[in-house]
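What follows is a set of notes on a single structure, which appears directly below.
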Amino acid sequence: MSDPVKKQAALYIVATPIGNLGDMTGRAVEIMKMVDLIAAEDTRHSGRLLQHFGVATRMTSYHDFSDETRVDDLIGKLSGGLSIALISDAGTPLISDPGYRLVVRARQAGIPVIPIPGACALTTALSAAGLPSDRFVFEGFPSAKRVARLKQFEGLLKEVRTLIFYESPHRILDCVQDLHAVFGSDREVVLCRELTKTFESIHGDTLGNLLPWLQQDDNRQRGEFVVLVKGAEENPVQELDGDAERVLDILLEELSTKQAAAMAARITGVKKNLLYQRALSRME
Ligand code: SAM
């Protein structure tokens, strides 16, 4: 059951499709028809969308480079009783898209900010990637500059939650190359390309295999991307020195894992728990 849309002076944050027009929600169309004004990132781009859905509402432009007087103007209109829908070129506004300053100012002014949910590339990708989805970190676009990008990735090396990035076609190869350099060949990655569109592809592999796969065919580098990297192991089996390894191996030939770990700890001074974990990993 959906409540009928009631007009009120409010800022509506309206999600639009990320490719497939069939993903536009009925509520989004109703709201866009009802409001006094639509603030759009690119009025020409959004004009085509509005035409498709028969929305005749007046549009004005709003983007991250809009100066403060533009924000003042929109807040003034809202305070004066008008209702405004904010849309971006695709997906959910504010998710790597304009709108943050406007939402902050509207909330500070006591103007209701009403979300109208819909498509979003990050949640769409996560829902189908087959990587842990209970906890994740959205990093937006990695830095465009290599040194900064490598530093950003290095800071995430031990992050155990699934990592999610947005990437453009002209940087996807550099991005995957740098992911490979920092996270190594074995880390799992899923590349979601052109979601909801004709050439949608969701390809998962290790970073070591993904890089040549991407280089093999230029078509695989075209379109819009969400890159998901599996988080680090929660409790990585730490390295033991060679002596401790050897002692543990010999004891494991004669004793249970628990006994061997306890005895090896007494002989080598290495923590029992670490030796026990290592002994268990030998059994896998
Ligand atoms: N606000 C949007 C959202 O809700 O996902 C994101 C806007 S951001 C400027 C554009 C980036 O989102 C693209 O460069 C790409 O990384 C990702 N993206 C958007 N649409 C996509 C799609 N259909 N398939 C894969 N990635 C997409």
Side-chain angles (χ1 to χ4, degrees), residues 11-25 27-28 31-32 38-46 48-50 52 61-66 85-103 113-131 133 136-145 149 152-153 156 162-179 189-204 210 213-214 218-229:
L11 175 63
Y12 294 90
I13 309 299
V14 180
T16 57
I18 54 168
N20 191 322
L21 291 181
D23 295 333
M24 186 73 149
T25 70
R27 189 163 169 236
I31 294 287
M32 289 200 299
I38 294 175
E41 187 181 2
D42 177 342
T43 50
R44 259 197 16 211
H45 174 95
S46 294
R48 291 191 287 273
L49 183 84
L50 299 202
H52 180 88
S61 80
Y62 174 81
H63 41 74
D64 275 342
F65 311 108
S66 301
L86 174 72
I87 60 173
S88 60
D89 286 354
T92 302
L94 279 85
I95 306 300
S96 292
D97 263 344
Y100 175 68
R101 277 190 301 148
L102 188 58
V103 169
V113 179
I114 303 175
I116 309 296
C120 179
L122 97 94
T123 47
T124 305
L126 185 64
S127 71
L131 291 180
S133 55
F136 59 89
V137 181
F138 176 56
E139 282 280 309
F141 287 94
S143 174
K145 300 206 175 85
R149 190 165 56 225
Q152 180 185 3
F153 292 165
L156 294 165
T162 297
L163 303 168
I164 307 178
F165 303 94
Y166 280 170
E167 197 48 283
S168 65
H170 58 278
R171 269 200 285 272
I172 188 66
L173 194 57
D174 289 345
C175 170
V176 171
Q177 258 160 356
D178 290 348
L179 285 171
V189 63
V190 178
L191 214 56
C192 297
R193 183 170 80 93
E194 294 289 88
L195 292 165
T196 77
K197 305 188 204 174
T198 311
F199 296 107
E200 175 178 277
S201 107
I202 299 177
H203 183 82
L210 186 81
W213 179 85
L214 204 56
D218 285 353
N219 285 322
R220 294 174 183 162
Q221 298 166 32
R222 288 192 221 282
E224 299 193 277
F225 292 90
V226 182
V227 184
L228 302 98
V229 179

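Ligands are counted one by one from 1 in listed order, and the atoms in each one are counted from 1 as well.
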Problem set entry | Short N or O distance, Thr196 and ligand 1, threshold 3.5 Å exclusive | no

Exercise. Do Phe141 and ligand 1 have an N or O pair less than 3.5 Å apart?
Worked result: no

Seminar exercise, completed: min-distance protein heavy atom vs atom 18 (N) of ligand 1 -> Ala121 CB, 3.5 Å

Exercise. Between Phe165 and Phe225, is the ring centre distance below 6.0 Å?
Worked result: no

Seminar exercise, completed: Partner of Glu224 under salt bridge (charged side-chain N to carboxylate O under 4.0 Å, His left out), picked from Arg193, Lys197, Arg171, is Lys197

Exercise. Based purely on interatomic distance, does Leu195 place a nitrogen or oxygen under 3.5 Å from a nitrogen or oxygen of ligand 1?
Worked result: yes

Exercise. Any idea which of Thr92, Asp89, Thr123 brings a heavy atom closest to atom 4 (O) of ligand 1?
Worked result: Thr92

Exercise. Just which atoms of ligand 1 are under 4.0 Å from any heavy atom in Lys197?
Worked result: 23 (N)

Problem set entry | Parallel, tilted or perpendicular: rings of Tyr166 and Phe141 (30°, 60°) | perpendicular

Exercise. When you look for heavy atoms under 4.0 Å from ligand 1, do you find them on the side chain of Cys120, its backbone, both, or neither?
Worked result: both

Exercise. Taking distance alone, with no angle check, do Ala90 and ligand 1 share an N/O pair under 3.5 Å?
Worked result: yes

For this session: For ligand 1, find out whether one of its N or O atoms is nearer than 3.5 Å to an N or O atom of Ser88.
Result: no

Exercise. Of the choices Gly140, Cys192, Ser96, which has the non-hydrogen atom that lies closest to atom 8 (S) of ligand 1?
Worked result: Ser96

Exercise. Which atom names give the shortest non-hydrogen contact between Gln152 and Pro142, and what distance separates them?
Worked result: OE1-CA, 3.4 Å

Exercise. If you measure from each heavy atom of Phe165 to ligand 1, is any distance below 4.0 Å?
Worked result: no

Exercise. Identify the closest protein heavy atom to atom 7 (C) of ligand 1: which residue and atom is it, and at what distance?
Worked result: Asp97 OD2, 3.4 Å

For this session: Select the closest option to atom 21 (C) of ligand 1 among Arg171, Glu224, Glu167, judged by heavy-atom distance.
Result: Glu224

Exercise. Is there a heavy atom in Val226 that sits closer than 4.0 Å to ligand 1?
Worked result: yes

Problem set entry | Minimum heavy-atom distance between Cys120 and Ile95, given as atom pair plus value | SG-CG2, 4.0 Å

Exercise. Under 3.5 Å, N or O to N or O, is Pro93 touching ligand 1 that way?
Worked result: no

Problem set entry | Phe225 and ligand 1 - part of the residue with a heavy-atom distance under 4.0 Å | backbone

Exercise. What part of Ile18, side chain, backbone, both or neither, has a heavy atom within less than 4.0 angstrom of ligand 1?
Worked result: both

